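A short write-up of the structure that comes next.
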Number of protein chains: 2
Amino acid sequence: MLTIGKLGAEAGVKVPTVRYYEQIGLLPKAERSAGNQRLYGRKALERLAFIRHARDLGFTLEAIRDLLSLSDRPDQSCAAADAIAKAQLAEVESRLARLMSLKAELERMVVQCAGGRIADCRVIEVLGDHSLCATDHRHPEGEHIA
Amino acid sequence: MLTIGKLGAEAGVKVPTVRYYEQIGLLPKAERSAGNQRLYGRKALERLAFIRHARDLGFTLEAIRDLLSLSDRPDQSCAAADAIAKAQLAEVESRLARLMSLKAELERMVVQCAGGRIADCRVIEVLGDHSLCATDHRHPEGEHIA
DNA sequence: CCTAATGTCTCTAGCAACTATATGTTCAAG
DNA sequence: CTTGAACATATAGTTGCTAGAGACATTAGG
């Protein structure tokens, strides 16, 4: 049996985060020792590693909640899990596309800064006037990049 | 003079967000009409557009605060603005790199899902076992992608 | 066996950057 | 002159944690 600290270290998750996951119901309530400390077995470690890994991949906790509830019922079709992963992939792709154009714009901003005065600063100038953009970053619905 | 709604529409920023920016001091306190409604001129619109655009580029409000205070004193060197933009560029590049490897992994996850049962689901399997990753996404310091 | 250090417990509050909700006031159109 | 949209304030909620306070548990050293 692992204490919360060992568990966190094994899974690469901080202790308060583990408690937080329990609090919001992503992890089941842990067994307790005689002295009221949380104790975890191998199953909890696997579940936490799953969560950690999915977070790394950019899944939201809500998506992870869905994936976990799917994997808790292993005899159903994998279509739902596939759909979640595909949605995640689509989101990653769109973030990628946006970031690439941002990178291009930032590079344009940065090149010409050779110590001039602010008044001539390309950075400030570009930021002040959207029409100088090469690409169009308008968002459909208040969506901002993270 | 524009009311807050027109201003927001012009700049592509929602009304509560404009008020929020005023509250945290990114925008100066607006003039008020006889009936206590905020009124904005062209300068405020430009400042808001600047903020909006910088947010689109992924700058934090703190970075934007710095950029704004730089542009308020236009006779200094543009080195500081350049540094902020370069830091932003570096961050964008690192996000890009991570996202590209995530994309690859998600694609690997998704391909093999042809309606099998959850028990054999590649999505769940890959998420459950980090060792199946082609690439290594471990973070140096608890840093998670947004 | 005792002590000191570390680890754990709960609870609350804070972070970014907004967004939503509730309740009330002002303004412009018909 | 009335109605309804747009405005005002204030508070609380969102996501995914992180940090702090103050008290109890456990473990390693002497």
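Everything quoted here is computed from the prediction, not taken from an experiment. Here is how names work: the chains are called A, B, and so on, in the same order as the sequence lines, proteins then strands, and each is numbered from 1.
At the phosphate of D:dC17, neither OP1 nor OP2 sits under 4.0 Å from any side-chain N or O atom of A:Lys14. OP1 and OP2 of C:dT10 both lie 4.0 Å or more from every side-chain N or O belonging to A:Arg19. Between A:Tyr21 and D:dC17 there is a side-chain N or O to OP1 or OP2 distance below 4.0 Å. At least one side-chain nitrogen or oxygen of A:Arg55 sits closer than 4.0 Å to the OP1 or OP2 atom of D:dC17. Here A:Ser33 reaches the OP1 or OP2 of D:dT26: one of its side-chain N or O atoms lies under 4.0 Å away.
In this structure, of D:dG16, D:dT9, C:dA17, it is C:dA17 that holds the atom nearest to the side chain of B:Leu61. The side chain of B:Arg32 lies closest to D:dT9, out of D:dT9, C:dT8, C:dT10. Comparing atom distances between the B:Thr17 side chain and each of D:dA8, D:dT26, C:dT19 picks out C:dT19 as nearest. Of the candidate nucleotides C:dT26, D:dT18, C:dT8, C:dT26 has the atom lying nearest to any side-chain atom of B:Gln37.
For the pair A:Ile24 CD1 and D:dG16 C1', the computed distance is 8 Å after rounding to whole Å. Whole-Å rounding puts the A:Glu22 CD to D:dC17 C1' distance at 16 Å. In this structure, CG of A:Leu7 is placed 15 Å from P of C:dG7, rounded to the nearest angstrom. In this entry the distance linking CG of A:Leu39 with C1' of C:dG7 reads 13 Å, nearest Å. Rounded to an integer number of Å, the gap from OH of A:Tyr20 to C1' of D:dG20 is 18 Å. If you measure from atom CD of B:Glu62 to atom P of C:dC18, you get 13 Å, rounded to the nearest angstrom. Separating the CD1 atom of A:Ile4 from the C1' atom of D:dT26 is a distance of 15 Å, rounded to the nearest angstrom. Here C:dC27 presents its C1' atom at 11 Å from NZ of B:Lys6, a figure rounded to the nearest Å.
How far CD1 of A:Ile24 is from CG of A:Leu61: 5.0 Å, rounded to the nearest 0.5 Å. For the atom pair CG (B:Leu7) and CG (B:Leu27), the distance works out to 7.5 Å, reported to the nearest 0.5 Å.
Atom CD of A:Glu31 sits in a sparse spot, with 12 or fewer heavy atoms from other residues, nucleotides or ligands closer than 6.0 Å.
For the pair A:Glu62 and A:Arg65, the salt-bridge criterion is met [side-chain N within less than 4.0 Å of a carboxylate O].
In this structure, the side chain of A:Arg52 does not engage the main chain of A:Gly8 through any donor-acceptor pair within 3.5 Å.
Within 4.0 Å of B:Arg38, counting heavy atoms only, lie sugar-phosphate atoms of the nucleic acid but no base atom.
Heavy-atom nearest nucleotides on DNA chain C were determined for A:Tyr40 and for A:Gln23, and the one closer to the 5' end corresponds to A:Tyr40.
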